[in-house]
Amino acid sequence: MTTFPSVKEQMDIIRKRTVEIIPEDELEKKLEVCVKEKKPLRVKLGCDPSRPDLHIGHSVVLQKLRDFQDLGHTAVLIIGDFTAMIGDPSGRNKTRPPLTLEETRINGKTYFEQASKILSEKNLEIRYNSEWLDKMTFSDVIRLTSKYTVSQILERDDFEKRMSAEQPISLHELLYPLSQAMDSVAVKSDVELGGTDQKFNLLVGRAIQEAYGQSPQCIITTELLEGTDGVEKMSKSLNNAICFNDSPKDIFGKTMSIPDTLILKYFKLTTTLPDSEITKIEKLLQDPETNPRDLKVQLGYELVKRYYDEQSAGFAREEFEKVFSRKEIPEDIPEYTIQDSEIKLVTVMKDTNTAESTSEAIRLIRQGAVSIDGHKITDEKFVIKAEKDFILKVGKRKFVKIKV
RNA sequence: GGGUAGGUAGCGAAGCGGUCAAACGCAUCAGACUGUAAAUCUGACGGCUUAUGCCUUCGGAGGUUCGAAUCCUUCCCUACCCA
């Protein structure tokens with residue numbers, strides 16, 4: 001049987017890097033019972049298997065879940081395969097193709113593989129929500145929907161926004177908060193975690209648990225992270241995400257491209273550096289002597305270290321300085337062998353995916369973005385003669401080694 | 001069920017018979033400047049081996065016309081008002 005740290009010690013850890021705990025005193029009470037009866041809390045986190053690519057924005061809430069695991073509580077990871085199977089048509093024209101059960105299983109697996117870079121395998125329970133949602137009958141659904149009112153559901157701010165923007169909302173979308181709430185009922189969660197954008201759903205979970213005679217879960221929200229563009233929320237589809245599965249080089253490079261204003265936030269939310277380090281960085285940032293670039297180098301190093309290891313982090317840093325500070329050629333670049341003795345440059349660019357179409361290749365050449373062995377090519381009709389290997393560079397970061 | 005306003009490139013939005021591959025803004029990409037930052041400036045931004053050329057595109061399908069994103073018919077979709 002596990003012994004738990006004192007309530008105060010636990011609360012100190014739990015509170016860190018969170019936005020809200022609702023209600024805080026209720027959580028303390030739950031912890032008191034847990035310490036007394038040596039019974040771990042069940043801490044729920046839901047995830048969407050239709051988007052199985054985790055990025056460092058996800059790491060914030062996963063780390064919080066990990067904190068609970070380390071304190072001895074049970075992490076309940078819910079894979080939302082049921083909702084993924086239905087397909088969420090939010091946003092017009094983009095009727096997301098519903099996933100098959102098989103696909104949700106595969107995605108659930110890759111999700112878990114990535115999540116285990118942060119979560120511990122101990123104290124972990126993984127559940128698929130089709131297990132209970134798929135079994136509900138129509139009368140079950142009616143009973144569930146009778147527990148909540150229309151105006152309560154419409155309070156959710158993105159519904160409200162879409163209403164006032166005169167955008168469609170499908171009826172079943174209104175049921176998503178309720179189905180998520182049913183997950184809480186099914187797994188009898190004591191605490192549910194989520195980003196601040198999930199606050200509404202998490203609160204519905206409380207209400208529904210109560211309506212089903214359970215003691216309501218406490219909710220903990222964590223901050224959302226802006227993407228590398230510094231404006232939008234980090235998301236793979238917005239192309240501003242640093243993903244768990246990105247190569248060390250990419251993690252480092254993408255980190256270097258974040259705006260200065262986000263440096264501190266990234267340190268706080270995406271690394272596990274102790275508070276004392278964070279304070280130090282905060283001070284350095286205010287010092288006009290500091291070049292923010294150097295802090296980003298440190299940040300990039302930390303991130304690669306977290307998702308790979310120290311050695312890769314070191315390599316990524318060196319590589320970056322080599323390519324971008326000293327403008328040299330990177331170590332590992334893709335190779336491409338040309339077949340013919342004479343071939344148009346635009347064709348090679350298209351074949352090597354350094355340009356999406358011939359037209360784009362021509363555009364790039366005209367704009368002076370293309371060079372061969374360091375010599376800028378400005379003739380769009382340039383023909384390559386297969387005499388010796390060379391390095392083709394397109395734009396700032398695309399390199400291909402062309403072999404004869 | 002009745003009425004009104006709509007559906008245009010990744011998004012937003014003009015165009016309402018030829019000069020439309022379609023203004024403008026955002027996003028994106030490239031160049032300059034840099035710290036692969038931000039800001040700024042310049043350029044590109046459907047495809048085609050590059051062409052005062054061809055092909056595909058303005059919700060779908062038909063039609064009128066020498067010519068349609070623009071007019072007509074019909075179907076599909078969305079929001080709003082009334083019931």
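Quick note: numbers below take in every heavy atom, side chains included, and nothing from hydrogens, waters or symmetry partners. All values reported here derive from a predicted model rather than from experimental measurement. Each chain gets a letter, A, B and so on, in the order its sequence line appears, and its residues count up from 1.
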Whole-Å distance separating the [atom1] atom of [X] from the [atom2] atom of [N]:
X: A:F252; N: B:G35; atom1: CZ; atom2: C1'; answer: 12 Å
X: A:M349; N: B:C48; atom1: CE; atom2: P; answer: 12 Å
X: A:Q167; N: B:G6; atom1: CD; atom2: P; answer: 18 Å

Please confirm whether the shortest side-chain N or O distance from [X] to OP1 or OP2 of [N] is below 4.0 Å.
X: A:R363; N: B:G47; result: yes
X: A:R293; N: B:U36; result: yes
X: A:S357; N: B:C48; result: yes
X: A:T358; N: B:U49; result: yes
X: A:S257; N: B:A37; result: no

Is the shortest distance from a Lys or Arg side-chain nitrogen in [X] or [Y] to a carboxylate oxygen in the other one below 4.0 Å?
X: A:R17; Y: A:D275; value: yes
X: A:E173; Y: A:R156; value: no
X: A:K16; Y: A:D12; value: no
X: A:E102; Y: A:R105; value: no

[X] side chain, from C-beta outward: closest of [options]:
X: A:K296; options: B:A37, B:U49, B:U36; answer: B:A37
X: A:P259; options: B:A38, B:A79, B:A30; answer: B:A38
X: A:D260; options: B:U49, B:A37, B:U78; answer: B:A37
X: A:P292; options: B:A30, B:C48, B:G35; answer: B:G35
X: A:Q367; options: B:G43, B:A38, B:U36; answer: B:G43

**OP:** For A:K396 and for A:T228, locate the closest nucleotide of RNA chain B by heavy-atom distance; then report the residue assigned to the nucleotide nearer the 5' terminus.
**Re:**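 The answer here is A:K396.
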Original post:
In the structure shown, which nucleotide is the Watson-Crick or G-U wobble counterpart of B:C29, with both distances under 3.5 Å?
Top reply: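 Base partner found: B:G43.
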Original post:
Applying a 3.5 Å limit to both distances, which nucleotide forms a Watson-Crick or G-U wobble pair with B:A21?
Top reply: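 Pairing partner: none.
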Original post:
When all nucleic acid strands are considered with a 4.0 Å heavy-atom cut-off, which category describes A:I258: base, sugar-phosphate, or nothing?
Top reply: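 The residue A:I258 makes sugar-phosphate contact but no base contact.
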Original post:
NA contact type, A:G253, heavy-atom cut-off 4.0 Å: base, sugar-phosphate, or nothing?
Top reply: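 Base: the residue A:G253, judged by heavy atoms under 4.0 Å, touches a nucleobase.
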Subject >> Distance, P atom - from B:U70 to B:A61, rounded to whole angstrom >> reply: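 So the two P atoms sit 13 Å from each other.
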Subject >> Worked check of side chain to side chain donor-acceptor pair (under 3.5 Å) between A:N201 and A:Q180 >> reply: CA-CA 7 Å; A:N201 292 341; A:Q180 194 172 327; 3.2 Å; yes
